[in-house]
K.L.:
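Okay, here's the structure, questions in a sec.
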Amino acid sequence: NNGGGGRAARGSLRRGPPAMEGGALPIRRHRRALVRAVSERPFLIVTGETGSGKSTQLPKYLYEAGLAKHGAIGVTQPRRVATISVAQRVAEEMGCALGGVVGYQVRFDDCSSEETAIKYMTDGCLLRHILADPLLSKYSIIILDEAHERSLSTDILFGLLKKLFLQNKPPGRKTEMKVVVMSATLEVDKLSEFFGHCSVLHIPGRSYPVKEIFCNLLSPRDTGSSAYAVKVTLDIHLNEAEGDILVFLTGQIEIEKACDLLFKKAETIDYRYEVHDQSVEGLLILPLYGSMSTDQQKRIFLPAPKGIRKCVVSTNIAATSLTIEGVRYVVDSGFVKQLNHNPRVGLDILEVVPISKSEAMQRAGRAGRTSSGKSYRLYSTEFWEQCMPDHTVPEIKRTSLTSVILTLKCLSVHDVIRFPYLDRPEERHILEALKQLYQCDAIDRRGHVTRLGEFLVQFPLPPNLSCAVIKAASLDCEDMLLPIAAMLSVENVFIRPGDPQKQKEAELQHQELSSQVGGCNDFATLLNIFEQCKSPSAWCHKYWIHWRAVKSALSVEKQLREITNKLKQLPDFPKETFEGSRTELLRRCLCAGYFINVARRSAARTFCTMDGHGSIVYIHPSSTLYNQETRLEWIIFHDVTVTSKIYVRTVCPVRYEWVKDLLPRLHQIDAYELSSVAREEVTEEEITRWKHKEDLRRQCGLTKLEKRNDDKSIQDARARYLERKQQRAQGLSGPLKETS
DNA sequence: GAGCACTGC
């Protein structure tokens, strides 16, 4: 490869200075206007592309103008890494130690002090602060950055801050709160209208033009075959000038296959005759996705050797979370994997869906960070027009709202349906959440938060899991439940190697871990792993366990333990006793949280859920109870996944006596009743009267007709899954052969 | 007899 290929390829591409100093940024000319706008009005929107310097400079300007005298400036980011790195840069620019005037706080890592006047934090962190201090009395200004990403927490903060302002300087606040929303140029009119038609300031960014090319390879029926991506990538490599390539695909399997194929094709290239740009002498192919180890991920950021073109094949992680310098060409499959919640069947379905137009522009923008670039879209203009929405549906409209609604209720937002949402979730999503909260006794029949609900909201966990934890704490056996809750909130701890031989070995070891605790309870297996695995030792290697995942579980467990200890000191924290075996105790605690996820065995190896949907589910083959179905009757499970079948994962058998008293609660109250109590105070008589009104029942999506539709939506999801699987199997050999 | 996009507290 090192035949002395002449021109210095990569150096000449990097025109932008490696780190822009505050003084050179475009935002500087707007300093006065920004400070004036913030001091004069309660709300301000600042728009600008990446590279405008708004995240680092604006808080500094406001601080230097003396606007942080009566309270700190809080700046939120959707991601931890970004939060810390922005804080570091600002502290450096202002010449102070991090944690002093400039600080940050993210989960597990608080680097701030009494002195901190500019505090960067994740949006989730600010939401936690609000729970402890609803008036945010320590802050004079809140800046919500990256608002266009519309994270769940940012969306909730929008509504809460708007409400806080409408209270018009409530007692307890020294000064009026100021709110600045920073966003890419996206749906700005809607945002401005939401905040009472507030002013919008635009800061020009610093990026280079990107040419957008439609390759017309994908018909609307295809779901992102990696074969087309490989073809286009090779075309770029052979025909385009130096510069790195970034390919967007949907998932690990597509990426690994595309990389294999790309490698095979690239090996056969004769660089003397086939390559247009003679300074290009090789191709370095690198996969990138979230479940890769951090060390593997780091390789992506190393510059390729001289003359070698780097090609990163990535999931959406490269769209926002990780930035790769030097990319000049983007290949966009037009698809993304998205988790969508279906409230009527109560299931989350991970689907491959077309990206939105704004997401496509975001992907294209990755080619114009250091020089002008090109974005190759595998799809056609018809696909662009007909299949791709303008904007991505915000998370709040796609996700289960149980935790969010509980948070709002704890902040005395009684009417959760008419809360000022920038984008209102469908009513049935809210009703489903209310129903679930009622079922686990977090709210009462009137929709008011209970004492238990106040305990539950303290945990960074889904309410049903918090329920199990509290039950355990009341029985003084939280040592069993805290590790399980932690293990269930981190990524999968079981390593699943690609090689079939190794896969078998890994399966045997996982089975062994389960047998050590009786071999019939997936939750107990997690506890077993947590207790045995305390360092990245040979143990992890032997049992095929992800150390990174267990390590995060250790931090989560510590945090949960601290919260539990605090709650247990409260005089009204429940106390119970239990006589029985340890395994029964564990399973009973799990029942307290998961009785909504109880299922009874139906025909052959299937189970029927008891949540009112009566879905037919199968035990996932990764469970230790797989193949033991006929010996079981009642089970509880942690979650559901819809692929070729509806599978339940993380399962344990229970006895009917343990859940029989809890089950009636699942049918005691219907969503429509809670719909009414969510809006206003109603009497018990009214609730009873409504109970029999069939039209209301219809409104809340519980009719047989709608249930059939939902069965259809699951059928569709399964059909799409199988189609994708087939495409993956044949697509790679198919279309590419014609062109090679 | 299977598959896990990405965040966050």
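Here is the naming used below: chain letters follow the sequence lines, and residue numbers restart at 1 for every chain.
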K.L.:
Measure from OH on A:Tyr289 to P on B:dA5 and round the result to the nearest Å.
P.N.:
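Those two atoms, OH and P, are 9 Å apart.
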K.L.:
Let me know the distance between CD of A:Gln362 and P of B:dA5, rounded to the nearest Å.
P.N.:
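Rounded to whole Å, this separation is 20 Å.
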K.L.:
Check every strand shown and say whether A:Arg128 touches a base, only sugar-phosphate, or nothing at a heavy-atom separation below 4.0 Å.
P.N.:
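Base contact - A:Arg128 has a heavy atom under 4.0 Å of at least one base atom.
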K.L.:
Which of these nucleotides, B:dG1, B:dC6, B:dA2, is closest to any side-chain atom of A:Ser321?
P.N.:
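When the side chain of A:Ser321 is considered, B:dC6 is the closest of B:dG1, B:dC6, B:dA2.
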K.L.:
So, is A:Ser291 close to the B:dC4 phosphate, meaning a side-chain N or O under 4.0 Å from OP1 or OP2?
P.N.:
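For B:dC4, OP1/OP2 do not have a side-chain N/O of A:Ser291 under 4.0 Å.
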K.L.:
Less than 4.0 angstrom between a side-chain N/O of A:Thr641 and OP1 or OP2 of B:dA2, yes or no?
P.N.:
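Result: no.
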K.L.:
Less than 6.0 Å separating the ring centroids of A:Phe523 and A:Phe637?
P.N.:
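Ring centroids of A:Phe523 and A:Phe637 are no less than 6.0 Å from each other.
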K.L.:
As a test of reading the structure: which of B:dC6, B:dC4, B:dC9 is closest to the side chain of A:Thr643, going by heavy atoms?
P.N.:
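When the side chain of A:Thr643 is considered, B:dC4 is the closest of B:dC6, B:dC4, B:dC9.
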K.L.:
Under 4.0 angstrom, heavy atoms only, what part of the nucleic acid is A:Phe459 near: base, sugar-phosphate, or nothing?
P.N.:
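It contacts nothing in the nucleic acid.
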K.L.:
Counting only side-chain heavy atoms from C-beta out, which of B:dA5, B:dC9, B:dT7 sits nearest to A:Pro460?
P.N.:
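Among the listed nucleotides, the one closest to the side chain of A:Pro460 is B:dC9.
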K.L.:
Which nucleotide in the list B:dT7, B:dC4, B:dA2 gets nearest to the side chain of A:Lys337?
P.N.:
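When the side chain of A:Lys337 is considered, B:dC4 is the closest of B:dT7, B:dC4, B:dA2.
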K.L.:
Base, sugar-phosphate alone, or nothing: which one does A:Glu149 contact when heavy atoms must sit under 4.0 Å apart?
P.N.:
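Contact class for A:Glu149: none.
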K.L.:
Kindly say whether the aromatic ring centers of A:Phe335 and A:Phe383 come within a distance under 6.0 Å.
P.N.:
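Between A:Phe383 and A:Phe335, which both carry aromatic rings, the centre distance is below 6.0 Å.
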K.L.:
With nearest nucleotides of DNA chain B determined for A:Ser489 and A:Arg398 from heavy-atom distances, which residue corresponds to the more 5′ nucleotide?
P.N.:
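Nearer the 5' end of the strand: A:Arg398.
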K.L.:
At less than 3.5 Å, do the side-chain atoms of A:Gln503 and the base atoms of B:dA2 form a donor-acceptor pair?
P.N.:
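Result: no qualifying N/O pair found.
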K.L.:
Going by heavy atoms in the side chains, are A:Glu187 and A:His391 under 4.5 Å from each other?
P.N.:
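In contact.
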K.L.:
Which pairs count as side-chain hydrogen bond (donor to acceptor under 3.5 Å, both in side chains) when at least one residue sits in residues 483-494 of chain A, sequence neighbours excluded?
P.N.:
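Qualifying pairs: A:Glu491-A:Arg548.
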K.L.:
With sequence neighbours left out, what residues match A:Tyr543 under ring pair (Phe, Tyr, Trp, His ring centres under 6.0 Å)?
P.N.:
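For A:Tyr543 the ring pair (Phe, Tyr, Trp, His ring centres under 6.0 Å) partners, ignoring immediate neighbours, are A:Trp539.
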K.L.:
A:Leu339 near the nucleic acid: base, sugar-phosphate alone, or nothing, with a heavy-atom cut-off under 4.0 Å?
P.N.:
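Base: the residue A:Leu339, judged by heavy atoms under 4.0 Å, touches a nucleobase.
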K.L.:
Under 4.0 angstrom, heavy atoms only, what part of the nucleic acid is A:Thr315 near: base, sugar-phosphate, or nothing?
P.N.:
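The answer is sugar-phosphate, as A:Thr315 gets under 4.0 Å only of primed atoms, P, OP1 or OP2.
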K.L.:
Closest to the A:Glu507 side chain: B:dA2, B:dC6, B:dA5?
P.N.:
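For the A:Glu507 side chain, the nearest candidate turns out to be B:dA2.
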K.L.:
With the side chain of A:Tyr626 defined as its heavy atoms from C-beta on, choose the nearest nucleotide among B:dC4, B:dC9, B:dG1.
P.N.:
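The nucleotide sitting nearest to the side chain is B:dG1.
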K.L.:
Hey, does A:Ser153 reach any base, or is it just sugar-phosphate, or nothing, if we go heavy atoms under 4.0 Å?
P.N.:
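It contacts nothing in the nucleic acid.
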K.L.:
Measure from the side-chain heavy atoms of A:Ile317 and tell me the nearest of B:dT7, B:dA5, B:dC4.
P.N.:
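For the A:Ile317 side chain, the nearest candidate turns out to be B:dT7.
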K.L.:
Answer yes or no: does a side-chain N or O of A:Arg150 lie under 4.0 Å from OP1 or OP2 of B:dT7?
P.N.:
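Result: no.
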K.L.:
Is the closest basic N to carboxylate O distance between A:Asp423 and A:Arg150 below 4.0 Å?
P.N.:
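Yes.
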K.L.:
Please compare A:Gln559 and A:Asn492 by the position of their nearest nucleotide in DNA chain B and report the one closer to 5'.
P.N.:
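The residue closer to the strand's 5' end, by nearest nucleotide, is A:Asn492.
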